[in-house]
Each structure stands twice: as structure tokens, then as C-alpha cells.
Colleague: 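Supplied in C-alpha cells, the structure appears directly below.
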Amino acid sequence: MSKVVLIVEDHKPSMLLFRDLLQAHGCITVHSTDGIDTIKLAREHNPDLILMDIKLPKISGFDIIHLLKGDAVLKNIPVVAVTALAMRGDKKLILDEGFEGYVPKPISVPFFLSEIQRTLPMGPFRLSKSLITGHPKVDAEHEQLRKLLNEFILLHDSGDYIGCAEKIRVITKTVKNHFASEERVMEGVGYLNLASHKAEHQSTIVKYEALIADTEEVGYGPDFVNELTAVLVNDMIRADIDFKEFLETQTALA
Ligand SMILES: [Fe+2]
Ligand SMILES: [Fe+2]
């Protein structure tokens, strides 16, 4: 059964990022943009987890947590704060208020995933609808990367580090081929942001290679899977959403 997560967040780009990351791990998401309807949505959807910003336009996340924790039924739902309150002492303050977890903003995707996984077991990574660009070749290549990532996670979970190293070599080759092929596709359809997208690919490769270089020194640490997922999903696949929007406007104009 899919896990349900209620996201309470007024900042749209953050909301979309949380939504994509959670949906890509098999969760169903429900959204509140101002916090006012949190209690109503929690009663309606009985979420497995609530992810909540603290600074909301009409009500404070602290007021909402008091309402939630004062309710005989809702008090059992774990609530993770995602907040720009990131000064020393803020974490203690937030946990003392009743939140079960705390992710400082701007979020680090690996930390975000590990904090969620503490309270909510998540499924393997999949390409949720919001991550499908609509270009068959690009989507097929993303699907190939998704498969490789999940195969890597299985090898990692079983402690097969020789298998992991082999799989990483395949992933490296596939990512580089994908970037080159995607850039050709983008050029072919006259994608306007091609230059900045190429730069994005470059910086993703730099991050990816730094991550892999680290494993040669420290091995595959406990955070490696989340870090690899973050680079492949957040920086790579999610970065293609602008291309998806471009394709949609092209179709609308045709
Ligand atoms: Fe891509
Ligand atoms: Fe891309």
C-alpha cells in the first residue's frame, strides 16, 4: 500500500520538489499551501507522515503542531519540520514543540530522504508522472537509469560491493551517453534553454564524479544511496522538467 504524505508548504518550488521526491519513491502526496486546512486534510486523508514548513502565511507551524498533538487521533502522525529556521538551538526548539524530525532549508536532498526514511519506509525509486517529459527517447533513457539505480540499491543492500562497483561503471557510462543523446534531442527540437541545460549536465557530472571518487577512499557509506539518488533524480531527471514544459507549449502551439 502506498504511503500518504501531507505536505504543508506555501513556497511553490519547494512544494514541487518535495512532491516529486516523495512521489518518485512511491508515496501519494496531499498538499496544503497555507496551513489553515492542515487539520481538515489530516482527518480526511489519514497521512502516514506530515511534512510541514513553519513559517506559513496565515498560521504558524508551531500553532498547527499544537493542534495536531492535542488531538487524540492525529497526535500519532509523525510530523517533520522543513524550515529555514536553521540557527543553533532551533533544532532543539522544534523537536521540543513536538515535531518528530527536522530538515533545514535549503534542503540537502540526501538528508531530506534519510530524515523521511526514519519515520516512513519508502519504495524503490520510480519515474512518477511529474517526471515524465513526454519525449519517448528521453523518457526511455531515464527509465534505463531508474532501473540501474534500483539494481544498484539492491546490490548495495545485499553488501555486494564488487557488484556495486561494476554497476557504477555502467551507470557512469549510461549517464554520459544519456546527456549527449538528450542534448541532441533538445537541439533537434529547437529547445531554447539548451545552453544552460548543457551547463547543468556539466555540473551534474562534476557532482557525480566527486561522489564516486569519494567511494574510492571511504567506500559506500550509509548515505551513499541517498546521495546517488539525489544526483541522478534531483539534478538529472528533475532538471528536465523545463524541457517537458517546452514540449507541452510546442504541442499546444501546433
Ligand atoms: Fe535527462
Ligand atoms: Fe537533462
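Counting convention: from 1, in listed order, for ligands and their atoms alike. Each residue takes its place number in the sequence, starting with 1.
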Colleague: What do you reckon, are the aromatic ring centroids of F125 and F152 less than 6.0 Å apart?
Modeller: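 No.
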Colleague: The Fe ion (ligand 2) to E183: any N/O/S contact under 2.8 Å?
Modeller: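 E183 does not place any N, O or S atom closer than 2.8 Å to the Fe ion (ligand 2).
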Colleague: With the Fe ion (ligand 1) as the reference point, give the N/O/S atom of H178 that is nearest.
Modeller: NE2
Colleague: With side chains defined as the heavy atoms from C-beta onward, is the minimum distance between V231 and V175 less than 4.5 Å?
Modeller: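 Side chain of V231 against side chain of V175, heavy atoms only: no contact under 4.5 Å found.
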Colleague: Angle class for the F112/F18 ring planes (parallel below 30°, perpendicular above 60°, tilted otherwise)?
Modeller: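 It falls in the parallel class, under 30°.
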Colleague: Below 30° counts as parallel, above 60° as perpendicular, anything between as tilted: where do the rings of Y220 and Y161 land?
Modeller: parallel
Colleague: Treating Ile, Leu, Val, Met, Phe, Trp and Tyr as nodes and any side-chain heavy-atom pair under 4.5 angstrom as an edge, say whether Y102 and L6 lie in one connected cluster.
Modeller: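 Same cluster: Y102 reaches L6 through Ile, Leu, Val, Met, Phe, Trp or Tyr contacts under 4.5 Å.
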Colleague: Where the Fe ion (ligand 2) is the corner point, what angle links OD1 of D240 with NE2 of H197, to 10°?
Modeller: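 It comes to 80°.
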Colleague: Counting backbone and side-chain atoms alike, is an N, O or S atom of E182 positioned under 2.8 Å from the Fe ion (ligand 2)?
Modeller: yes
Colleague: The Fe ion (ligand 1) and E141: any N/O/S contact shorter than 2.8 Å?
Modeller: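 Under 2.8 Å: E141 has no N, O or S contact with the Fe ion (ligand 1).
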